[in-house]
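So the structure is just underneath, and the comments pick up after that.
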Amino acid sequence: EKGTYPHFMLKEIDEQPFVIRKIIQKYQDETSGLKLDDDIRRAMLEADRVYIVACGTSYHAGFVGKQLIETLAKIPVEVHVASEFSYNMPLLSEKPLFIFISQSGETADSRAVLVKVKEMGHRALTITNVPGSTLSREADYTLHLYAGPEIAVASTKAYTAQMAVLALLAFDTAKQKGIALDFDPIQELSIVANAMEVLCNQKDEMEKIAREYLAETRNCFFIGRGLDYYVSLEGALKLKEISYIQAEGFAGGELKHGTIALIEDRTPVIALATQEKVNLPIRSNVKEVDARGANSCIISMKGLDQSGDRFVIPAVHELMTPLISVIPLQLIAYYAALHRGCDVDKPRNLAKSVTVE
Ligand code: M6R
């Protein structure tokens, strides 16, 4: 039930700090660090390459998963859109492990790939919010998201839960491989949960940004580099699916190769700046769009912020930034849709789970 909330989406955005704490509680083990199935551990250790397969928001979480697994566990990862995979299958490695990410566990495009790779004799792990779901039953292993039912069509808490679980999996694999890390995922996720709470208490500011930048516009661009680019894709998907504003996420450096032609006077460009190594390059991209008349809005992270930034999120570990930088984007999309009188929880032409290919 929605309780006092006007929409499930807003309730689910607010639930994110609790979901992260729940994930900590479920996966934390007092003695050995993390509670993870030995079979999953073995599958990760034996894999020479991980193939992440998913759709929509879960696909976007997959990109962050790639970064986490490659950085911490040092296993190469490919991320694929499920609907493309079957028809355009990449050359597989000798010992692939497939990871299916799916909130519902019922997405037909992802299931079609699962059936195919199982027939080929490969192993599969499903990361899902619904343990008894088709993708969970048909895969060899399951990791549960513990996000609680997600009702709004626009996925919010499942996305952050997916990234949190992927971070734990990446860390655990690194530990099993004997890789020394100065990264304690439980501690970092606790910091994330607190930061999420701070952001969820700043809704007025998000409503203002939505009004200022998106009230009249037909389109909106999201830009970022590195992890911020992946979150830009998710910010754009949230905005388009519920407010019907045409929105696209771009890698900051790619703008000048074509997309910058679309920048007109007052075109909103929302830029993320949460990664130290790309903080200056993304800011030069903002200057480039500003010079063409864009209405830019920089969302940066504390410590990397500069005067003139529109919003500053609390500081968290560099690898954890997507879990919190997405919250302003979820809220901006929510308020933009609300201001336009859209049906936030049930946007047109969409279903919560897509059970046809
Ligand atoms: O249940 P799944 O995670 O497999 O769903 C995948 C997509 O259909 C889903 O994420 C969709 O993109 C959302 N409506 C995005 O908010």
Side-chain angles (χ1 to χ4, degrees), residues 7-13 15-16 19 51-65 79-86 98-115 124-139 142-166 222 230-245 247-249 322-323 326-327 329-334 336-337 342-357:
H7 297 101
F8 280 108
M9 184 180 176
L10 195 62
K11 174 172 179 266
E12 290 162 6
I13 289 173
E15 282 170 355
Q16 292 176 104
V19 172
Y51 294 81
I52 294 181
V53 178
C55 309
T57 288
S58 300
Y59 171 60
H60 296 159
F63 285 122
V64 177
V79 189
H80 292 273
V81 164
S83 59
E84 279 296 303
F85 192 93
S86 310
F98 283 83
I99 299 184
F100 290 86
I101 308 178
S102 176
Q103 187 285 131
S104 62
E106 299 298 342
T107 299
D109 287 324
S110 300
R111 178 168 186 253
V113 179
L114 174 58
V115 169
L125 158 68
T126 291
I127 300 182
T128 183
N129 205 22
V130 187
S133 59
T134 309
L135 284 170
S136 168
R137 282 185 277 110
E138 295 182 357
T142 297
L143 282 176
H144 189 193
L145 295 174
Y146 297 106
E150 193 182 62
I151 310 292
V153 165
S155 183
T156 53
K157 61 178 179 171
Y159 172 73
T160 41
Q162 286 161 350
M163 296 187 293
V165 169
L166 283 160
F222 291 80
Y230 302 144
V231 181
S232 301
L233 297 174
E234 176 57 10
L237 177 59
K238 284 293 87 87
L239 186 65
K240 66 184 135 188
E241 77 174 325
I242 61 169
S243 76
Y244 317 140
I245 295 171
E248 300 303 332
L323 284 96
V326 75
I327 293 184
L329 306 190
Q330 294 168 344
L331 285 164
I332 290 169
Y334 173 80
C342 301
D343 186 346
V344 171
D345 282 340
K346 288 200 176 74
R348 69 186 180 205
N349 309 341
L350 289 168
K352 181 61 185 162
S353 74
V354 185
T355 52
V356 286
E357 273 181 64

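We count ligands from 1, going down the list as the structure has it; atoms in each ligand are counted the same way. Residue numbers count from 1 along this sequence. Heavy atoms only: backbone and side chains are in, while hydrogens, waters and symmetry mates are out.
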Next item on the list: Please identify which atoms of ligand 1 are closer than 4.0 Å to at least one heavy atom of S58.
Entry: 2 (P), 3 (O), 10 (O)
Check: Does even one non-hydrogen atom of A154 get within less than 4.0 Å of ligand 1?
Finding: yes
Note to self: Below the 3.5 angstrom mark, is there an N/O of S353, backbone or side chain, next to an N/O of ligand 1?
What the structure shows: no
Item checked: Validation row, ring centre H7 to ring centre Y334 under 6.0 Å -> yes
Next item on the list: Please check if atom NZ in K240 has more than 12 non-hydrogen atoms from other residues, nucleotides or ligands closer than 6.0 Å.
Entry: yes
Item checked: Min N/O separation V153 to ligand 1 under 3.5 Å -> yes
Check: Can you list the atoms of ligand 1 that are under 4.0 Å from a heavy atom of S102?
Finding: 1 (O), 2 (P), 3 (O), 4 (O)
Margin query: Counting non-hydrogen protein atoms only, what is the nearest one to atom 1 (O) of ligand 1? Give residue, atom name and distance.
Written below: S104 OG, 2.7 Å
Item checked: Atom indices of ligand 1, in the order listed, that fall short of 4.0 Å to a heavy atom of T57 -> 10 (O), 12 (O), 15 (C), 16 (O)
Next item on the list: Around atom 6 (C) of ligand 1, find the nearest protein heavy atom and jot down its residue, atom name and distance.
Entry: C55 O, 3.3 Å
Checklist line | Proximity to ligand 1 by part of E106, non-hydrogen separation under 4.0 Å | finding: neither
Margin query: Could you identify the single nearest non-hydrogen protein atom to atom 5 (O) of ligand 1 and state the distance to 0.1 Å?
Written below: T107 OG1, 3.5 Å
Margin query: Is it the case that the side chains of S136 and T142 hold a donor-acceptor pair, with the cut-off being a distance below 3.5 Å and no angle test?
Written below: yes
Notebook entry, point to check: Going by heavy atoms, is K238 under 4.0 Å from ligand 1?
Noted result: yes
Item checked: Expected output: side-chain K157 to main-chain I13 donor-acceptor under 3.5 Å -> no
Next item on the list: Write out the residue and atom name of the closest protein heavy atom to atom 8 (O) of ligand 1, then the distance separating them to 0.1 Å.
Entry: V354 CG2, 4.1 Å
Next item on the list: Flag Q162 as yes when one of its N or O atoms lies below 3.5 Å from any N or O atom of ligand 1, and as no otherwise.
Entry: no
Checklist line | Criterion ring-ring contact (aromatic ring centres under 6.0 Å, His included) against H80, the qualifying member of F98, F85, F100 | finding: F85
Checklist line | From K238, Q162, Q103, residue fulfilling side-chain hydrogen bond (donor to acceptor under 3.5 Å, both in side chains) relative to T57 | finding: K238
Check: What's the shortest distance from atom 16 (O) of ligand 1 to any protein heavy atom, and which residue and atom give it?
Finding: E241 OE2, 2.3 Å
Note to self: I'd like to know if the side chain of Y244 reaches the main chain of P347, judged simply by a donor and an acceptor atom lying under 3.5 Å from each other, with no hydrogens or angles considered.
What the structure shows: no
Margin query: Less than 3.5 Å apart, any donor N or O on the side chain of E12 or Q330 sitting next to an acceptor on the other?
Written below: no
Checklist line | Reference residue R111; test side-chain hydrogen bond (donor to acceptor under 3.5 Å, both in side chains); the match among E106, E357, E138 | finding: E138
